[in-house]
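First up is the structure itself, then whatever we jot down about it.
Atoms considered below: every heavy atom in the structure, side chains included; atoms not considered: hydrogens, waters and symmetry mates. All of these numbers come straight from a predicted model, not from anything done at the bench.
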Amino acid sequence: VAAIRADNAEWYNRQEPSLRIISVHARSWQAHERPGDELRAKQELLSGPVLVDAIACAARNPYRLTDLDKDFLKACEQYERERAHAHSFRIWRNRLLISVMGIVIVIVTISAVLLYNAYREAETQRQEARAQRLMSEAADVHWRLRKDELAALLAVQAYRFLGNTPAPVPHIRERLD
């Protein structure tokens, strides 16, 4: 029995490392290929460069593969395709989300600018209305009450609301007449 074991160990050690990897993972994959243990079975599947090496090794040594090894490699290839598809989908989804967020940012920015401009316009109109009211009060004070100083002060205040510097007195008097 010791001689057989030694012969088997020597044969095993002469095998390509990729064949040993395929064999070990295939048996573990099969052991976990039952309902409720699918996650552990998926963890045994090869992927990336290890899978590429295993497929190349299997192509060089097709006669050394068992049916289990072949089924295992097919499952690994299918899993790798699913991972690549999922990765592509995530990239597509992320690009879509970034594009949508960009569009939303542009729309929000444009809306903010438009709202700000509308606010500024409304504020300007409010100031102009207040100035017009002060000018009307100034004219009323000037004509009805004959209080020229008060009328002049109201007129100056009206000009300040408009954002202008105070006008010379003759110009104010002209506006009051």
Side-chain angles (χ1 to χ4, degrees), residues 1-133 159-165:
V1 174
I4 294 173
R5 285 189 180 167
D7 187 46
N8 286 345
E10 182 185 329
W11 172 83
Y12 184 76
N13 290 332
R14 282 184 296 168
Q15 279 188 332
E16 285 190 52
S18 293
L19 283 176
R20 285 194 300 252
I21 289 172
I22 292 170
S23 179
V24 168
H25 282 274
R27 284 190 302 246
S28 183
W29 172 71
Q30 184 184 35
H32 296 289
E33 188 84 275
R34 57 183 177 269
D37 208 7
E38 294 88 4
L39 181 61
R40 179 72 175 122
K42 276 192 176 184
Q43 290 173 342
E44 293 298 329
L45 295 173
L46 304 177
S47 63
V50 176
L51 178 59
V52 172
D53 290 343
I55 291 171
C57 180
R60 288 189 305 271
N61 302 294
Y63 55 90
R64 289 186 161 182
L65 296 176
T66 64
D67 288 339
L68 174 62
D69 295 340
K70 291 175 187 174
D71 291 342
F72 174 72
L73 286 175
K74 286 179 187 173
C76 290
E77 289 173 327
Q78 176 63 31
Y79 178 67
E80 189 70 12
R81 280 191 297 275
E82 289 171 2
R83 282 186 48 206
H85 177 73
H87 180 72
S88 296
F89 178 75
R90 280 191 303 277
I91 289 173
W92 174 83
R93 183 193 64 211
N94 289 345
R95 286 180 180 164
L96 178 66
L97 287 174
I98 289 169
S99 298
V100 168
M101 286 189 316
I103 291 168
V104 167
I105 288 170
V106 167
I107 290 171
V108 167
T109 302
I110 290 171
S111 297
V113 167
L114 292 174
L115 285 172
Y116 179 73
N117 287 341
Y119 167 77
R120 296 277 302 187
E121 180 65 28
E123 188 64 23
T124 300
Q125 289 177 359
R126 189 178 68 78
Q127 292 291 359
E128 287 175 2
R130 191 168 184 189
Q132 288 296 328
R133 191 182 57 198
Y159 273 96
R160 285 186 182 153
F161 276 123
L162 292 175
N164 300 325
T165 56

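- Atom CG of Leu73 sits about 9.0 Å away from atom SG of Cys57, to the nearest 0.5 Å.
- Although no hydrogens or angles enter the test, the distance criterion places a donor-acceptor pair under 3.5 Å between the side chain of His25 and the main chain of Glu44.
- The distance from the NZ atom of Lys42 to the SG atom of Cys76 is 12.0 Å, given to the nearest 0.5 Å.
- If you check the side chains of Arg27 and Gln30, you find no donor sitting under 3.5 Å from an acceptor.
- Here the NZ atom belonging to Lys70 is positioned 11.5 Å from the CD1 atom belonging to Ile22, to the nearest 0.5 angstrom.
- Within a 6.0 Å radius of CZ in Arg93, more than 12 heavy atoms belonging to other residues, nucleotides or ligands are found.
- In summary, Glu123 and Arg126 engage in a salt bridge, as defined by a charged side-chain N under 4.0 Å from a carboxylate O.
- Between Glu80 and Arg83, at least one side-chain N (NZ, or NE/NH1/NH2) sits under 4.0 Å from a carboxylate O, which counts as a salt bridge.
- Here the straight-line distance linking atom CD1 of Ile55 with atom CG of Leu46 works out to 9.0 Å at 0.5 Å rounding.
- Looking at Ile107, Val106, Val113 one by one, the single match for side chain to side chain contact (heavy atoms under 4.5 Å, CB included) with Ile110 turns out to be Val106.
- No side-chain heavy atom of Ile21 sits less than 4.5 Å from a side-chain heavy atom of Asp53.
- The distance from atom CD of Gln43 to atom OG of Ser28, rounded to the nearest 0.5 Å, is 9.5 Å.
- Trp29 is listed as a side-chain neighbour of Leu68, based on a closest heavy-atom distance under 4.5 Å.
- Here the OG-CZ distance, from Ser23 to Arg20, works out to 10.0 Å after rounding to the nearest 0.5 Å.
- By the neighbour-count criterion of 12 heavy atoms within 6.0 Å, atom CZ of Arg81 is densely surrounded, having more than that number from other residues, nucleotides or ligands.
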